[in-house]
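Naming convention: chains lettered A, B, ... in sequence-line order (proteins, then strands); numbering from 1 in each chain. Quick note: numbers below take in every heavy atom, side chains included, and nothing from hydrogens, waters or symmetry partners.
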2 protein chains.
Amino acid sequence: MKTRTNRLVIISQILNTQQIKSQNELLKKINDKGFNCTQATLSRDLKALKVGKIANNEGAYYYSIPTAKAAKKISDSSTSYVHNGFVSIDFAQNMAIMKTIPAYASSLAMTIDMANAYEIAGTIAGDDTILLIPRDGVSEIDLRNRLILIFPELKDRIRR
Amino acid sequence: MKTRTNRLVIISQILNTQQIKSQNELLKKINDKGFNCTQATLSRDLKALKVGKIANNEGAYYYSIPTAKAAKKISDSSTSYVHNGFVSIDFAQNMAIMKTIPAYASSLAMTIDMANAYEIAGTIAGDDTILLIPRDGVSEIDLRNRLILIFPELKDRIRR
DNA sequence: TAATAAAATGAATAAATATGCAATTATGAT
DNA sequence: ATCATAATTGCATATTTATTCATTTTATTA
């Protein structure tokens, strides 16, 4: 049976696995799967799914379903952040840049400093950002693992 | 002086602070600021900035500038660097991390400091790395454009 | 089940966005 | 400076997406 809900499911599957760049392109794929509908319906479907249109590296635009990642970000900022204000962590140029809830950076940085972790040469905290400077020779993985030791609850949030 | 780069800066400022839902809406704001251009130009500008259109919680669509996190490495460290030691630049968590030829970081950072760029709150230079800290509210695009103003020869290496 | 309300859809079209082309302006090289 | 090349832009229009209105399908209630 080909109900609207089925169609929405298929659409989100398609958008999660392919870079679709127009509704007509999507329409063809949807028709191939046995749904017959028109562009007008797809326009409404995409709105219902809150699908956005964003650019990839090459600058080509494609439809994008709000990802689990984005959803997570939203839930992070509203409710379920961990106790110390941790929001996210990024690695660049062999440093770690940790984002926190506004105003939480210095207390979180202090917690890190007090752990006396060998891997961490020092920290610089702003309002909602901490820069973690690893010692020479310390890899990103080493740093991640150390942070997980300090904050076990980060385990599921720190890996890609 | 109202150059294209100026316009791009203003556009990104607007998009970072307001939820703009159509190019005509943006066109009015841009015109108010003294730029006169047409919708066609804005269409091209948005593409150049890789602006996407995404839904907010209520399901209304608005333009969105890609975040620093989503932006990826934009320079190629294998090609020849420019005269002042610049090698590459990366953006993360709304900061810029600039790599230079070894020992060139502090002199390059000094050049940046002397430009007295509003967008840049400060710099920290190591041996071959400079951390550029933007002022609150300054976007990655603002920073890129400012750096291009300081070092015109970066133009092709700093923007996609 | 029949009657009624709500939701979903297509066809046509409005609205929004992108683009081909020609003109203009900026950039570089000699 | 002068010429050549590349970048930027507006206009007109093509392409893409959203919406109105009428109709059909699905759900709800008596």
Please list, one pair per line, the donor and acceptor atoms closer than 3.5 Å that link side chains of residues 45-52 of chain A to other protein atoms, with sequence neighbours excluded.
{"residue": "A:Asp45", "atom": "OD1", "partner": "A:Arg7", "partner atom": "NH2", "Å": "3.0"}
{"residue": "A:Asp45", "atom": "OD2", "partner": "A:Arg7", "partner atom": "NE", "Å": "2.6"}
{"residue": "A:Asp45", "atom": "OD2", "partner": "A:Arg7", "partner atom": "NH2", "Å": "3.0"}
{"residue": "A:Lys50", "atom": "NZ", "partner": "B:Asn57", "partner atom": "O", "Å": "2.4"}

Can you check the A:Ile20 CD1 to D:dT16 P distance for me, whole Å?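 The answer, rounded to whole Å, is 14 Å.
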
Does any donor-acceptor pair link the side chain of B:Gln39 with the base of C:dA18 at a separation under 3.5 Å?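 Yes, the side chain and the base share a sub-3.5 Å donor-acceptor pair.
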
Quick test: give all pairs of protein nitrogen or oxygen and nucleotides 20-24 of chain D nitrogen or oxygen below 3.5 Å, distance rounded to 0.1 Å.
{"residue": "D:dT20", "atom": "O4", "partner": "A:Arg44", "partner atom": "NH2", "Å": "2.5"}

Name all residues meeting the side-chain hydrogen bond (donor to acceptor under 3.5 Å, both in side chains) criterion together with B:Asn56; count only those two or more places apart in sequence or in a different chain, and write none if there are none.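 By the side-chain hydrogen bond (donor to acceptor under 3.5 Å, both in side chains) rule, B:Asn56 matches B:Gln19.
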
Qualifying residues under side-chain hydrogen bond (donor to acceptor under 3.5 Å, both in side chains), relative to A:Lys29, sequence neighbours excluded: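 Testing A:Lys29 for side-chain hydrogen bond (donor to acceptor under 3.5 Å, both in side chains), a comparison that skips the adjacent residues, returns A:Gln18.
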
B:Lys53 side-chain N/O to C:dA16 phosphate OP1/OP2 under 4.0 Å: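 For C:dA16, neither OP1 nor OP2 has a side-chain N or O of B:Lys53 closer than 4.0 Å.
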
Can you tell me if A:Gln23 touches the phosphate of D:dT15, counting only side-chain N or O atoms and a distance under 4.0 Å to OP1 or OP2?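 Checking A:Gln23 against D:dT15: no side-chain N or O falls below 4.0 Å of OP1 or OP2.
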
If you check the B:Arg4 side chain, which of D:dC11, D:dT8, D:dA18 turns out closest?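 For B:Arg4, the side-chain atoms sit closest to D:dT8.
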
ILVMFWY cluster membership beyond B:Tyr62 - transitive side-chain contacts under 4.5 angstrom: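 Hydrophobic cluster check, B:Tyr62: joined to A:Ile54, A:Tyr62, B:Ile54.
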
With a cut-off of under 6.0 Å to the ring centre and 45° to the axis, is B:Lys53 in cation-pi contact with B:Tyr61?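 That pair does not qualify as a cation-pi contact.
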
Counting the atoms with a prime plus P, OP1 and OP2 as sugar-phosphate, which does A:Asn36 contact under 4.0 Å by heavy atoms, base, sugar-phosphate, or nothing?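 Sugar-phosphate only.
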
Looking at five pairs on each end of the helix from C:dT1-D:dA30 to C:dT30-D:dA1, what is the angle between the two axes, given to 10 degrees?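 Rounded value for the end-axis angle: 50°.
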
Where the side chain of A:Thr3 meets the backbone of A:Asn6, is there a donor-acceptor pair that is under 3.5 Å apart?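 Answer holds: no.
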
